Colleague: 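Structure in structure tokens, see below.
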Amino acid sequence: MILLNLLLASSLAQAQPKFCSYSYSVWNARERRSEGPFRVTKLYTELEPYERGPRGCSVCDEEQVAVRLSNGVSFKVCAAFVEAFRSGLEAAILEGEVVESVVGHRPSKSRGNLDGQGRRTEFSNHAYGAALDVNEAHNGLYDFCVSWSPSCRLIKGGRYSPGQPRSFTPRSPLVRALRDRGLEWGGEIKGKQKDFMHFSPDGL
Ligand SMILES: [Zn+2]
């Protein structure tokens with residue numbers, strides 16, 4: 001019986017993949033354009049610290065899990081976040097939230113300091129499958145936006161129209177459901193950027 005339990009436990013444990021592969025882009029802030037994609041394939045045992053994210057997640061395609069929602073929308077995220085993201089999205093859909101697009105895993109260097117050519121140098125939470133962008137066409141990323149007003153400057157995605165379906169507010173079913181599951185909304189982060197489509201452990 002003990003042996004059986006041990007065998008069961010080891011087969012349930014997440015097997016470490018032999019290889020790690022991913023394609024990533026780099027945001028050039030000086031030229032305001034994306035560079036890449038750059039393809040990486042290596043032994044999993046040779047991962048660098050910057051290729052590992054929160055809660056055991058990594059940038060590797062091999063560690064992302066495909067999720068398909070009841071409304072047919074699908075995305076990929078790190079195994080550690082599957083349950084929180086999926087159950088939060090399904091709870092919000094049950095409450096009437098319209099979820100038309102979801103992007104999870106998307107390796108890109110869009111954080112950190114700039115290098116000599118103006119490129120960002122650190123992976124974002126999306127790189128590790130630890131963030132979601134939902135309804136991007138109605139929840140843009142804005143700069144010059146300490147608090148929301150129509151004079152905020154749209155950087156990426158579609159125009160934010162609070163009060164309209166598909167644009168999120170603090171009272172939206174999805175914002176509440178994901179907040180209840182320990183995630184933060186990019187529409188409420190401090191500072192001059194607001195990312196209304198974005199959800200992650202720290203909102204960044
Ligand atoms: Zn995002």
Side-chain angles (χ1 to χ4, degrees), residues 22-29 32-37 50-55 57-61 63-67 69 73-82 84-86 88-89 92 97-112 119-146 148 152-162 166-170 172-179 181-204:
Y22 61 95
S23 293
Y24 71 98
S25 58
V26 179
W27 179 247
N28 190 317
R32 298 180 59 79
R33 67 183 181 88
S34 189
E35 298 180 13
Y50 67 83
E51 292 170 309
R52 297 180 186 277
R55 300 187 210 172
C57 298
S58 79
V59 73
C60 311
D61 293 341
E63 291 198 300
Q64 306 302 319
V65 177
V67 176
L69 299 174
V73 171
S74 56
F75 57 93
K76 286 188 175 183
V77 287
C78 168
F81 288 90
V82 166
F85 283 146
R86 180 175 48 198
L89 284 157
E97 193 83 87
V98 178
V99 173
E100 63 179 19
S101 73
V102 183
V103 174
H105 182 237
R106 181 186 54 211
S108 70
K109 289 185 177 176
S110 57
R111 288 173 72 172
R119 301 186 195 104
R120 294 283 178 199
T121 51
E122 292 177 17
F123 282 128
S124 71
N125 276 318
H126 282 290
Y128 308 113
L132 289 187
D133 286 346
V134 185
N135 294 355
E136 175 171 352
H138 305 273
N139 296 279
L141 164 65
Y142 285 84
D143 206 351
F144 300 104
C145 199
V146 173
W148 165 250
C152 294
R153 188 180 71 175
L154 181 63
I155 301 176
K156 186 187 161 207
R159 205 162 63 85
Y160 180 56
S161 307
R166 299 179 181 80
S167 288
F168 304 121
T169 71
S172 292
L174 185 62
V175 173
R176 288 188 282 111
L178 290 177
R179 198 190 283 132
R181 288 161 176 80
L183 298 154
E184 291 191 31
W185 177 42
E188 294 179 317
I189 48 175
K190 289 190 167 60
K192 61 179 184 155
Q193 289 205 343
K194 297 290 171 285
D195 195 351
F196 294 104
M197 70 187 87
H198 185 87
F199 299 88
S200 73
D202 58 5
L204 298 175

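Note that the structure is a prediction, hence the values are computed from the model and not measured. Atoms within a ligand are numbered from 1 in the order they appear, just like the ligands themselves.
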Colleague: In this structure, which one of Lys109, Glu35, Arg119 forms a side-chain hydrogen bond (donor to acceptor under 3.5 Å, both in side chains) with Asn28?
Modeller: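 The passing option is Glu35.
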
Colleague: So, using side-chain contact (heavy atoms from CB on, under 4.5 Å) as the criterion, who are the partners of Arg52 when residues are at least two apart?
Modeller: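 Per chain and number, Arg52 pairs via side-chain contact (heavy atoms from CB on, under 4.5 Å) with Tyr44, Leu47.
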
Colleague: What protein N/O/S atoms sit under 2.8 Å from the Zn ion (ligand 1), by chain and number?
Modeller: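 Listed by chain and number, the atoms are His126 NE2, Asp133 OD1, His198 ND1.
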
Colleague: With a 4.5 Å cut-off on side-chain heavy atoms, are Arg86 and Leu69 touching?
Modeller: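 Counting from C-beta outward, Leu69 and Arg86 do come under 4.5 Å.
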
Colleague: Between Phe168 and Trp185, is the ring centre distance below 6.0 Å?
Modeller: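 For Phe168 and Trp185, the ring centres are not under 6.0 Å apart.
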
Colleague: Who pairs with Arg32 by salt bridge (charged side-chain N to carboxylate O under 4.0 Å, His left out), at least two apart in sequence or on another chain?
Modeller: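 Counting only residues at least two positions away or on another chain, Arg32 forms no salt bridge (charged side-chain N to carboxylate O under 4.0 Å, His left out).
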
Colleague: Give every donor-acceptor pair under 3.5 Å between a side-chain atom in residues 186-193 and any protein atom, sequence neighbours left out.
Modeller:
unit_1: Glu188; atom_1: OE1; unit_2: Arg179; atom_2: NH2; d: 3.2
unit_1: Glu188; atom_1: OE2; unit_2: Arg179; atom_2: NH2; d: 3.2

